[in-house]
**Student:** 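Here's a structure for you.
We use all heavy atoms of the structure for the numbers below, so side chains are in, but hydrogens, waters and symmetry mates are not. Just so it is clear: chains get the letters A, B, ... in the order the sequence lines come, proteins before strands, and each one is counted from 1.
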Amino acid sequence: MNGEGRRRDFRYNRSSKKHKLIRTAEEELEAKLGFDLFSEGEKRLGWLLTFASSSLEDQETNKVSSCVDLYFVSQDGSCFKSKYKFRPYFYAATKDKMEIDVEAYLRRRYESQIANIEIVEKEDLDLKNHLSGLRKSYLKLSFDTVQQLMSVKSDLLHVVERNQSKSDATEAYELILMGKREQKSQDFLDCIVDLREYDVPYHWYDVSISSNDVMLERRTDLLQRAEVHVCAFDIETTKLPLKFPDAEYDLIMMISYMIDGQGYLIINRECVGDDIEDLEYTPKPEFEGCFTVTNVKNELELLKKWFAHMREEVGFQCDKNQGEYRAKFACHLDCFAWVKRDSYLPQGSHGLKAVTKAKLGYHPLEVNPEDMVRFAMEKPQMMASYSVSDAVATYFLYMTYVHPFIFSLATIIPMSPDEVLRKGSGTLCEMLLMVQAYKANVICPNKHQSDPEKFYNNHLLESETYIGGHVECLESGVFRSDLPTSFKLDPSAYEQLINNLDRDLQYAIRVEGKIDLDSVSNYDEVKNVIFEKLARLRDEPIRVECPLIYHLDVAAMYPNIILTNRLQPPSIVTDEVCTACDFNRPGKTCLRKLEWVWRGEIFMAKKSDYYHLKKQIESEFVDGTDVQLAKSFLDLPKTDQQLRLKDRLKKYCQKAYKRVLDKPVTEVREAGICMRENSFYVDTVRSFRDRRYEYKGLNKVWKGKLSEAKATGNSIKIQEAQDMVVLYDSLQLAHKCILNSFYGYVMRKGARWYSMEMAGVVTYTGAKIIQNARLLVEKIGKPLELDTDGIWCALPGSFPENFTFKTRDMKKKLTISYPCIMLNVDVARNNTNDQYQTLTNPVTKTYTTHSECSIEFEVDGPYKAMILPASKEEGILIKKRYAVFNDDGTLAELKGFEIKRRGELKLIKVFQNKKYRSALKTHQSGSSPVRGGNSGWRVVFVSC
DNA sequence: ATGCGAGCCTAC
DNA sequence: GAAGGTAGGCTCGCAT
């Protein structure tokens, strides 16, 4: 799979005798359910629904090969399946110039298992001086089946592990001996120093297409998904009081399900008090639920009915091994997985009821689980409605959110829809990076493993990481746009703003507006208004004014820091790397140095104590005194050993030093960033950022078309526009999800592209940006709270806000937010990367250099009010918790409170209570400074 | 009482 | 077997 688009032309251009297959039972069934194996005939067009790994056997030779089963849906709604052969492979690296010998040896050693070995040249970003064009040779071992690959891989992994653990000294010694000795098989094995890409999901490998086999051709012009059948179901069972249902003895009371919008309900009369008639549950006009009801006499009949219908509609069969009814071609998409990973709802709102309220916008029927069994007997009609309501909610949640999201994500990630839904965001990220690396002929690094025995200043490290985002709370209390507050401004800062006014406005016009300064007709007019405002603030710096409550935040800060600084794990270089590089010349600009802060926690014990304990424990036996059960410590798995050793060390520290860990150490470090490294990583990030912008734009376009369609009343066009709005919104969300994961991914356990330095540089750069913003804001207004990429602040009411520049030809208008551009000029001055290099000629290795800065503040507001809670303790300010209100009185933001709904109610009560209002006024206009000594009124949020 | 670390959940 | 990260608030249990 190349991971780009799921709609493919499908061709099968041969007279297929060679691979004539006997229909297996699976194929028989799949054919019955519409997925006929497409093996000859005209070229077909299909939308790839899903795929699964499989194998096929050549009838003549009985030779088994790995393949992927591809399940397609045609434009007319019919389906077909095809088997697409591939050869799984992995790479092996050898000692220098040993490729040919090792190849010959491996061919002999694994004669019956290896299908082919090729020597290939790959871009190896770990290779010294690779920018000069040096490539690394790898043996590409291909196999007919995954089983064969697995067997050879595990064999060679042991060899490589042994070879890698040998010291350099030994290696050098052996090299001298080699020439003199007759070469034995062991010598060739010793030459295999690394394996790569051996743990890649194997259906992923597929790229080559042989001339007499299945041909796949991507159709990038077609974007619309095919129509597929969707079934959402919900099962109600009996249960014991205060217990969860148990399949051992509990009965199914009813099954409700919706297939393509039509509802069905099967009633088990053993548990339900009365026959139920067909019913309707339509919580909203757009969520119509008409249910056909079948009443059966017992659970067996219920299951029979259910399975019969599932077989007929969806094509499920029983997998005897798993004991599950599944169909290979039917995607099983768990809406709950979407809720957990993609809904952005708080942990406490992950139940179906809460999700229905939040995402579908209606209140579903709710029944206390403890009442359900009784109600089934006593109020059967009510329980039927309840059961059906869950199926309706699930169906429309899936149709509205999950389906478009997952299938659009699946067009860019080479995984089946089921996996795209269930995998972590870091894994999705890695898959995308692997696609990009593959295209750039870059060999993938192996999964990162942390060094279990790292020291710092003669002490064992318990853990190490980097300083992350910067958070501060500077005020507490209530800030209202209609309630004057006191400002103590810094006149020199205003003087500075005035002096820089031309520079800042011209920056906004040229860089943000991309407009020629000369074409602006009202420049002086705007400038003078701002100048007047700033001058008045400068001249009267102590003042009481209604505040402008603003939120200024950097859009997609971490991705844009990555892109601005060309940050990627393989770009982090040491002096040693640079020294070996051809581009390392005096006055070079290709090395960019950026700071970050390392933080480590060390054990109290000294390194020598640690080694002493290690020696001791290594001579011991574990698992009791019984000689027969006793096992040498050294026979335990490595990770187990390290765990036990650390445990021993902890006990020792506790005894000898009265504490285990020393206080955390931090250290400012400098990372060297290569501005020339192969750009596949930043390219992946950028293409995501840009494609997301594209989809956001298209979403806006279709929103326009939707309102047009609504105006004309054409229901077909309304529906079409509505669908496109959802489609593009889900596409932009898909990109946002991945975009945000490219930063965290570099510190993920087992990441192929791992880098603590890179993560540290990203967060430290961000922390400096937000702290610089605060430095400015505290001179010209009041910062209230800042967190990582945004700052909440109160500016004096007379502070210049929005202005519109017009061009002489009247074609363009540019509206600027003065607080925003004031910060952006600062950001650009401090963060522009003038060393950004782009490879423009791969043959001559020529690079062009340009300046890059895509880090920009955006502005929200002004708002009606912001409330920052105080601690119960004197003078302690609380971060990450606040409430913000819009001008119309609605709640704009409520952050940090576990019980949002309850918190909201409480807050509004506090806010509206007359008694408190006067108290707030006293606090707000009072002369005592709020920061630090908060002796006045405090808003405290209490959850109960 | 007070201080701590663990566990849970949230902000970004 | 699969796995984005760090910062921070709050509760609770446990040791002092």
**Student:** To the side chain of A:Asp787, which of C:dC10, B:dA11, C:dG5 is closest?
**Tutor:** B:dA11
**Student:** Would you indicate whether the side-chain heavy atoms of A:Asp662 and A:Glu601 approach each other to under 4.5 Å?
**Tutor:** no
**Student:** Check this one for me: any side-chain N or O of A:Tyr882 less than 4.0 Å away from OP1 or OP2 of C:dG8?
**Tutor:** no
**Student:** Can you give me the closest heavy-atom contact between A:Phe857 and A:Cys820, atom names plus distance?
**Tutor:** O-SG, 3.1 Å
**Student:** Tell me if the centroids of the rings in A:Tyr764 and A:Tyr466 come within less than 6.0 Å of each other.
**Tutor:** no
**Student:** How long is the line joining OH of A:Tyr764 and C1' of C:dA7, in whole Å?
**Tutor:** 17 Å
**Student:** Check whether any side-chain N or O of A:Lys895 sits under 4.0 Å from OP1 or OP2 of B:dC12, and answer yes or no.
**Tutor:** yes
**Student:** More 5' along DNA chain C: A:His470 or A:Leu428, using each one's nearest nucleotide?
**Tutor:** A:Leu428
**Student:** Can you run down the salt bridge (Lys or Arg N to Asp or Glu O under 4.0 Å) pairs that involve residues 344-354 of chain A, sequence neighbours left out, and say none if there aren't any?
**Tutor:** A:Lys353-A:Asp390
**Student:** Check the interface with nucleotides 1-3 of chain C: list each N/O to N/O pair with the protein under 3.5 Å, or write none.
**Tutor:**
unit_1: C:dA3; atom_1: OP1; unit_2: A:Gly424; atom_2: N; d: 2.9
unit_1: C:dA3; atom_1: OP2; unit_2: A:Thr427; atom_2: OG1; d: 3.1

**Student:** Report the distance from atom CH2 of A:Trp753 to atom P of C:dG5, rounded to the nearest whole Å.
**Tutor:** 18 Å
**Student:** Quickly work out the A:Trp596 CH2 to C:dT6 P distance and round it to whole Å.
**Tutor:** 11 Å
**Student:** Specify the residue among A:Met747 and A:Val471 whose closest nucleotide of DNA chain C lies further upstream toward the 5′ end.
**Tutor:** A:Met747
**Student:** Is it the case that atom CD in A:Glu667 sees more than 12 heavy atoms from other parts of the structure closer than 6.0 Å?
**Tutor:** yes
**Student:** What is the distance, to the nearest angstrom, from the CG atom on A:Asn740 to the C1' atom on B:dA11?
**Tutor:** 13 Å
**Student:** Scan A:Tyr466 against the nucleic acid and name what it touches under 4.0 Å (heavy atoms): base, sugar-phosphate only, or nothing.
**Tutor:** sugar-phosphate
**Student:** Can you tell me if A:Gln449 has over 12 outside heavy atoms packed within less than 6.0 Å of its CD?
**Tutor:** no
**Student:** For A:Glu785 and C:dG8, give me the distance from atom CD to atom P, rounded to whole Å.
**Tutor:** 11 Å
**Student:** B:dC12 C1' sits how many Å from A:Ile561 CD1, rounded?
**Tutor:** 12 Å
**Student:** Regarding A:Arg599, tell me which of base, sugar-phosphate or nothing describes its non-hydrogen contacts under 4.0 Å with the strands shown.
**Tutor:** sugar-phosphate
**Student:** So what does A:Thr465 touch, heavy atoms closer than 4.0 Å: a base, only the sugar-phosphate, or nothing?
**Tutor:** sugar-phosphate
**Student:** When the distance from CH2 of A:Trp792 to P of B:dA11 is rounded to whole Å, what number comes out?
**Tutor:** 13 Å
**Student:** Out of C:dA7, B:dC12, C:dC10, which has the shortest distance to the side chain of A:Arg881?
**Tutor:** C:dC10
**Student:** Figure out the OH/P separation between A:Tyr743 and C:dT6, and round it to whole Å.
**Tutor:** 7 Å
**Student:** Tell me the closest heavy-atom pair linking A:Asn565 and A:Asn833, and the distance in Å.
**Tutor:** CA-ND2, 3.7 Å
**Student:** Once rounded to the nearest 0.5 Å, what's the spacing between atom CG of A:Asn446 and atom CG of A:Asp199?
**Tutor:** 6.5 Å
**Student:** Would you tell me if any nitrogen or oxygen in the side chain of A:Lys880 comes within less than 4.0 Å of OP1 or OP2 on C:dG8?
**Tutor:** no
